[in-house]
Amino acid sequence: MKIKWLRIDSRLIHGQVANNWVNHVGASTIIAANDSAAKDDLRKTLLLQVAPGRTKSYVMSVDKTARCYKNPAYENLDVLLVVENPTDVLRLIDQGVEVNSVNVGGITFKEGMTLISEAVSVSPQDVKSFVELDKRGVKLVLQQLPNTASSDFMSRLKSKGLI
Amino acid sequence: MVTVVIAAHGELAEALVHTASMIFGNMEDVASVTFKPGEGVENLLNKYSVIIPDTQKDVLFLVDLLGGSPYNAASRFVADKKNMDIVSGVNLPMLVEVLGKRLGGSDLKAMVQTAKKAGVDGIQAFHEWFDEQQMVNSTRAEEGDELG
């Protein structure tokens with residue numbers, strides 16, 4: 001499996017991902033790796049409903065995604081991988097998924113989070129995981145859409161006084 | 001790149017383009033044409049000519065009502081041009097998927113087919129659709145290393 005693009009987006013598969021990014025990066029398949037969505041028939045069904053015709057999409061747990069990543073049958077599959085948060089990126093890496101850079105695209109604000117851009121909020125747990133990803137040499141880029149500005153995510157965390 | 005022109009009654013076209021920017025940001029070669037009370041087919045033809053000064057360019061018109069003035073004017077505009085086409089019944093699913101496929105490098109012919117299909121496929125009745133999907137989903141195992 002070739003991960004053409006790894007995006008953190010708490011809405012997982014939605015218009016920006018299924019119509020814009022997937023065409024921009026040239027992936028044939030979208031995988032949303034998320035434990036709770038994989039177990040939730042309604043959410044899973046709604047997520048699979050988003051992806052247009054010829055794009056294949058899957059909603060699977062993080063563990064199963066890592067197993068499929070290693071399956072030689074998918075060696076040549078171009079994948080856009082979406083996860084909900086940076087902790088799940090770490091879990092993928094810990095299970096052998098090679099990750100060089102991560103597009104931090106959208107994390108919806110919830111109680112206890114800090115808003116750091118129009119589309120991204122972070123929880124204390126997210127900050128910890130971002131720091132760990134940075135330590136492991138993963139490039140973290142804040143960018144919502146292919147044609148909107150991109151910036152270094154760790155600098156943003158610093159400027160917000162979160163690290 | 002194929003130019004996409006959305007033409008509709010009232011302010012629908014402008015609103016559709018504005019809404020699509022939530023998904024695509026600022027878009028190149030996308031134009032909207034309004035059709036307001038008191039205007040006629042000639043006004044629309046003028047607007048189309050201003051938006052499309054180069055008639056050699058590939059253009060896809062997405063219009064609201066089949067047989068409405070934006071459609072009728074566009075019909076006159078494209079009738080003798082093989083590099084332009086019209087799909088009626090424009091809605092957000094149609095627009096969003098057409099713009100997505102354009103990013104992926106689709107040509108006019110492919111975009112016409114995408115528009116026709118996406119415009120229709122975007123219309124589903126929840127229970128009819130969901131009840132069928134759930135049966136498919138629940139058979140998918142969480143074990144193993146095969147996609148699904």
Side-chain angles (χ1 to χ4, degrees), chain A residues 1 14-31 33 35 37-74 77 79 95 119 143-149, chain B residues 1-2 4 16 19-30 91-106 110-111 113-148:
Chain A
M1 195 178 282
H14 59 107
Q16 292 175 358
V17 171
N19 289 101
N20 197 345
W21 281 104
V22 75
N23 288 302
H24 180 76
V25 305
S28 63
T29 303
I30 300 171
I31 297 176
D35 290 357
K39 278 185 286 192
D40 179 340
D41 262 5
L42 177 58
R43 187 164 183 215
K44 183 169 171 174
T45 303
L46 295 175
L47 286 167
L48 293 174
Q49 191 176 18
V50 181
R54 272 159 288 166
T55 308
K56 289 217 172 76
S57 61
Y58 302 95
V59 177
M60 304 189 298
S61 71
V62 170
D63 291 356
K64 190 174 178 187
T65 302
R67 289 199 300 275
C68 290
Y69 172 82
K70 288 177 258 182
N71 184 341
Y74 306 122
L77 198 67
V79 174
Q95 293 181 69
Q143 186 177 13
Q144 196 176 358
L145 299 173
N147 59 355
T148 57
Chain B
M1 182 155 59
V2 179
V4 175
L16 278 170
T19 305
S21 73
M22 265 181 85
I23 291 162
F24 293 103
N26 287 326
M27 296 161 285
E28 282 174 35
D29 295 322
V30 174
N91 56 21
L92 194 59
M94 179 193 294
L95 178 59
V96 163
E97 202 161 326
V98 160
L99 293 174
K101 290 296 179 224
R102 188 175 73 160
L103 276 179
S106 280
M111 282 166 64
Q113 294 312 314
T114 296
K116 279 178 66 184
K117 189 166 186 318
V120 174
D121 288 357
I123 297 168
Q124 300 289 344
F126 175 76
H127 281 296
E128 215 174 78
W129 187 89
F130 184 69
D131 294 351
E132 197 181 303
Q133 289 302 307
Q134 205 171 22
M135 285 191 292
V136 176
N137 273 353
S138 54
T139 61
R140 287 179 185 163
E142 179 48 38
E143 284 127 37
D145 62 354
E146 280 173 24
L147 290 172

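Throughout, protein chains are lettered first and strands after them, A, B, ... in sequence-line order, and every chain is numbered starting at 1. Hydrogens, waters and symmetry mates are skipped; everything else that's a heavy atom, side chains included, is used.
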Participant: To the closest 0.5 Å, what do you measure between CE (B/Met27) and CG (A/Asn147)?
Facilitator: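 With rounding to 0.5 Å, CE (B/Met27) is 9.0 Å from CG (A/Asn147).
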Participant: As an exercise: rank B/Pro93, B/Gly104, B/Ala118, B/Gly144 by heavy-atom pairs under 4.5 Å with chain A and give me the winner.
Facilitator: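 Top option by heavy-atom pairs under 4.5 Å: B/Gly144.
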Participant: Sort A/Tyr69 into side chain, backbone, both or neither according to what part of it lies under 4.5 angstrom from a heavy atom of chain B.
Facilitator: neither
Participant: What residue in A/Ile31, A/Leu77, A/Asn71 has the most heavy-atom pairs under 4.5 Å with chain B?
Facilitator: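 Between A/Ile31, A/Leu77, A/Asn71, the count favours A/Asn71.
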Participant: Looking only at atom types and distance, does a side-chain atom of B/Lys101 sit under 3.5 Å from a main-chain N or O of A/Asn23, one as donor and one as acceptor?
Facilitator: no
Participant: Side chain, backbone, both or neither: which part of A/Ala38 has a heavy atom under 4.5 Å from chain B?
Facilitator: side chain
Participant: Quick one: pull up CG in A/Leu46 and CZ in B/Phe130 and give me the separation to the nearest 0.5 Å.
Facilitator: 6.5 Å
Participant: State, to 0.1 Å, how close A/Lys64 and B/Gly148 come at their nearest heavy-atom pair, and which atoms those are.
Facilitator: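 So the minimum-distance heavy-atom pair works out to NZ-O, 3.2 Å.
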Participant: Could you grab the distance from atom CE of B/Met22 to atom CD of A/Gln16, nearest 0.5 Å is fine?
Facilitator: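 Interatomic distance, B/Met22 CE to A/Gln16 CD, rounded to 0.5 Å: 7.0 Å.
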Participant: Report the distance from atom CG of B/Asp145 to atom OG1 of A/Thr65, rounding to the nearest 0.5 Å.
Facilitator: 11.5 Å
Participant: Show the nearest heavy-atom pair for residues B/Trp129 and A/Thr45, with the distance to one decimal.
Facilitator: CZ3-CG2, 3.2 Å
Participant: Do other residues, nucleotides or ligands put more than 12 heavy atoms under 6.0 Å from A/Lys70 NZ?
Facilitator: yes
Participant: Nearest 0.5 Å, what's the CG-CZ distance between B/Leu147 and A/Arg67?
Facilitator: 11.5 Å
